[in-house]
J.: 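Just passing along the structure, written as structure tokens.
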Number of protein chains: 2
Amino acid sequence: MKEGPDIAQVAACLGEPARANMLLALMSGMALTAGELSREAGVTPATASGHLAKLEASGLVVGEKQGRHRFYRLADPDVAHAVEALVTVSARLGHMRTRPGPKDGAMRRARSCYDHLAGSLAVDLFEHWRTNGVFGSLPETFELTRRGQELLSERGIDVTALTKSRRPLCRRCIDWSERRHHLGGGVGAAILSLALNKGWANRKDSSRVVIFTPGGEKRFVAWYSL
Amino acid sequence: MKEGPDIAQVAACLGEPARANMLLALMSGMALTAGELSREAGVTPATASGHLAKLEASGLVVGEKQGRHRFYRLADPDVAHAVEALVTVSARLGHMRTRPGPKDGAMRRARSCYDHLAGSLAVDLFEHWRTNGVFGSLPETFELTRRGQELLSERGIDVTALTKSRRPLCRRCIDWSERRHHLGGGVGAAILSLALNKGWANRKDSSRVVIFTPGGEKRFVAWYSL
DNA sequence: TTCATAGTTTGGTCCAGACCTAAATGTTTC
DNA sequence: GAAACATTTAGGTCTGGACCAAACTATGAA
């Protein structure tokens, strides 16, 4: 009848409290089992199974069987981006379910966005690298300059390995607390896992907050500074 | 009970075909009356009125009374951004609302989007002018550069008359088939009517398809080329 | 004034789909 | 093997909400 994609089908999937809760839980980037997601959503495993089948059929999540578990994760960064956009709208409209609390500050400072780092810390990093010529021009997805490649390699990120993946190396991603861009894509993901591996930061379980230790934050800033 | 904004409430609003169609119609940035939106959505005015009340209560659209009409428009750019993100996801998943038909090719080439031109031809024009400095910066609505004003006047568009109207001179408008921008606003409308008046193109009745004659299309491209 | 048009409210029908329990299917551990 | 756990399927209930017709309100036109 009309031109254009059928956004209602996708939106309807998101517009169900149980499914929305599952997707928000998956926004941390971690794959979760069907059981964990059913608890997250507050429904029985049977109901959750139905929801997950629907989400998978719509292409919003992908499931992978592993032993007697089945792990689900967001299908791709576009989905995460859409969820973030909805979060932005509903946050702006004051449909918050929690009041701003102590955790909120930490959330604004650093959190995971899908599988990379978001928050003011991540925005600072992006800004610093951008003004220092690490990236070329900046469309939605983009590449590293030669200088950028060297800098990252020196800092322990295996750029050539990342290049082999089909995933874009760098992607700009809007940060909803800062309203500016931070770095996503393969490099963004590598940075978050590096910070976690070095012990500079830890995920707060079952939440998107990433907590940097006092020393860890200093070392992280030193690490990315040029 | 969980942290975070209540995305389900907003998503549920979008997850209803009638409401989704209304929002997509509003993505052009133009304010539309309740009646136009009811037709766009394919429901009776009564039903549409209920939907619009819901959309307004959720803060996705704002309505403004003007005489015996009531004009609705998207509440703010964040809403447009969320809709775009959903379009991206659903387009990638191939959940298109159209079935490919013979008309589809013509439709993709040129059609009317309210009162201005959309489709690949319109996107090309916009792209060409943009890269040649006809416009300044490009927020939602924007102005012509001095150069742009001269170019349009030379080409038979009375810019000073358009300036007098309250309507924005230029407006970028998302093109559904191309997923890029084309030109709306007063100038966009003037271009379409110029093409029709010169006999380069005709509207196919009761459809949005605009058919350029073979010679007309050549002359149109020559007309806008710099 | 009276008529026409735009929009909303009301009342009622009807169906999609969210939910549960119970039972079936798989997988790992003992 | 059997027992424990994870997940899916089957069957059935029940509610939210999408829809329309008709009545009502408000504005503009004749």
Side-chain angles (χ1 to χ4, degrees), chain A residues 1-2 6-26 30-73 95 206, chain B residues 1-2 6-26 30-73 75 95 97 114:
Chain A
M1 199 67 196
K2 309 250 109 190
D6 184 6
I7 106 173
Q9 223 231 306
V10 171
C13 269
L14 296 158
E16 215 289 321
R19 287 194 292 260
N21 284 333
M22 291 178 180
L23 287 167
L24 287 174
L26 290 172
M30 289 186 287
L32 299 175
T33 67
E36 289 170 321
L37 288 168
S38 87
R39 259 165 278 130
E40 195 69 38
V43 293
T44 62
T47 304
S49 178
H51 283 315
L52 288 167
K54 214 162 284 187
L55 287 171
E56 192 166 17
S58 302
L60 293 174
V61 306
V62 290
E64 192 182 344
K65 212 173 160 182
Q66 216 168 92
R68 61 180 164 181
H69 293 283
R70 182 153 185 174
F71 285 90
Y72 287 92
R73 58 186 169 73
H95 294 153
S206 72
Chain B
M1 69 187 212
K2 298 264 121 194
D6 185 4
I7 107 172
Q9 221 230 302
V10 171
C13 269
L14 296 159
E16 215 288 323
R19 286 194 294 259
N21 284 333
M22 292 178 179
L23 288 167
L24 287 174
L26 291 172
M30 300 179 70
L32 299 175
T33 67
E36 289 169 323
L37 288 168
S38 88
R39 258 165 278 129
E40 196 69 39
V43 294
T44 62
T47 304
S49 178
H51 284 314
L52 287 167
K54 214 163 283 188
L55 287 171
E56 192 166 16
S58 302
L60 293 173
V61 306
V62 291
E64 191 182 345
K65 210 171 160 185
Q66 213 169 97
R68 60 178 164 180
H69 291 284
R70 182 150 187 183
F71 285 90
Y72 288 92
R73 57 184 170 77
H95 294 152
R97 284 191 292 179
Y114 305 101

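Here is how names work: the chains are called A, B, and so on, in the same order as the sequence lines, proteins then strands, and each is numbered from 1. None of these values were measured; they are calculated from a predicted model.
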J.: Examine D/dC19: is either OP1 or OP2 under 4.0 Å from a nitrogen or oxygen in the side chain of B/His51? Give yes or no.
T.: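 Yes, because at least one side-chain N or O of B/His51 sits under 4.0 Å from OP1 or OP2 of D/dC19.
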J.: How long is the line joining CZ of A/Arg68 and P of C/dT27, in whole Å?
T.: 11 Å
J.: So, OP1 or OP2 of D/dT7: does either fall under 4.0 Å of a side-chain N or O from A/Ser49?
T.: no
J.: Taking only side-chain N and O atoms of B/Arg70, does any of them lie within less than 4.0 angstrom of OP1 or OP2 on C/dT8?
T.: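 Yes.
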J.: Between A/Gly67 and A/Ala46, which has a closest nucleotide on DNA chain C that is more 5'?
T.: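 Residue closer to the 5' terminus by nearest nucleotide: A/Ala46.
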J.: If we only count heavy atoms from C-beta on, is the A/Leu55 to A/Cys13 side-chain gap below 4.5 Å?
T.: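 A/Leu55 vs A/Cys13: side chains touch.
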J.: Rounded to the nearest Å, what distance is computed from the CZ atom of residue B/Phe71 to the C1' atom of nucleotide D/dT27?
T.: 14 Å
J.: Give a yes/no answer on whether the side chain of B/Thr44 brings an N or O atom under 4.0 Å of OP1 or OP2 in D/dC20.
T.: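 For D/dC20, OP1 or OP2 has a side-chain N or O of B/Thr44 closer than 4.0 Å.
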J.: Judged by atom type as modelled, is there a donor-acceptor pair below 3.5 Å linking the side chain of B/Ser49 to the main-chain atoms of B/Pro45?
T.: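 The answer is no, because no donor-acceptor pair under 3.5 Å joins these two groups.
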J.: Taking the side chain of A/Ala18 as heavy atoms from C-beta outward, which of D/dT8, C/dC19, C/dA4 is closest to it?
T.: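 That would be C/dC19.
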J.: Using a heavy-atom cut-off of under 4.0 Å over every strand shown, decide if A/Thr33 touches base, sugar-phosphate, or nothing.
T.: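 It contacts sugar-phosphate atoms only.
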J.: For the pair made of CG in B/Leu55 and C1' in C/dT8, what is the distance, rounded to whole Å?
T.: 16 Å
J.: Does any non-hydrogen side-chain atom of A/Leu14 lie less than 4.5 Å from one of B/Leu14?
T.: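 Of all side-chain heavy-atom pairs linking A/Leu14 with B/Leu14, none is under 4.5 Å.
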J.: Scan B/Ala48 against the nucleic acid and name what it touches under 4.0 Å (heavy atoms): base, sugar-phosphate only, or nothing.
T.: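 It contacts nothing in the nucleic acid.
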J.: Are any of B/Arg19's side-chain N or O atoms less than 4.0 Å away from OP1 or OP2 of D/dA18?
T.: yes
J.: CD of B/Glu56 versus C1' of C/dT9: gap in Å, rounded?
T.: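 Rounded to whole Å, this separation is 16 Å.
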J.: Test side chain to side chain contact (heavy atoms under 4.5 Å, CB included) on B/Arg73 and B/Val62; report intermediate values, then the result.
T.: CA-CA 6 Å; B/Arg73 57 184 170 77; B/Val62 291; 3.4 Å; yes
J.: Any side-chain N or O of B/His69 less than 4.0 Å from the OP1 or OP2 oxygen of D/dT27?
T.: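 No.
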J.: In this structure, how many angstroms lie between the C1' atom of C/dA18 and the CE atom of A/Met22, rounded?
T.: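 The answer, rounded to whole Å, is 12 Å.
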J.: OP1 or OP2 of C/dA18 less than 4.0 angstrom from a side-chain nitrogen or oxygen of A/Lys54, does that happen here?
T.: yes
J.: Under the side chain to side chain contact (heavy atoms under 4.5 Å, CB included) rule, what do A/Val10 and A/Ser58 come out as? Steps first, then yes or no, please.
T.: CA-CA 7 Å; A/Val10 171; A/Ser58 302; 5.6 Å; no
J.: What's the OH-P distance between A/Tyr72 and D/dA6, to the nearest Å?
T.: 15 Å
J.: Looking at A/Lys65, does any N or O in its side chain come under 4.0 Å of the phosphate oxygens OP1/OP2 on C/dT27?
T.: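 Yes, within the criterion.
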J.: Could you tell me the separation between the CD atom of B/Glu16 and the C1' atom of C/dA16, rounded to a whole number of Å?
T.: 11 Å
J.: What is the separation between atom CG on A/Leu37 and atom C1' on D/dT8, rounded to the nearest whole Å?
T.: 15 Å
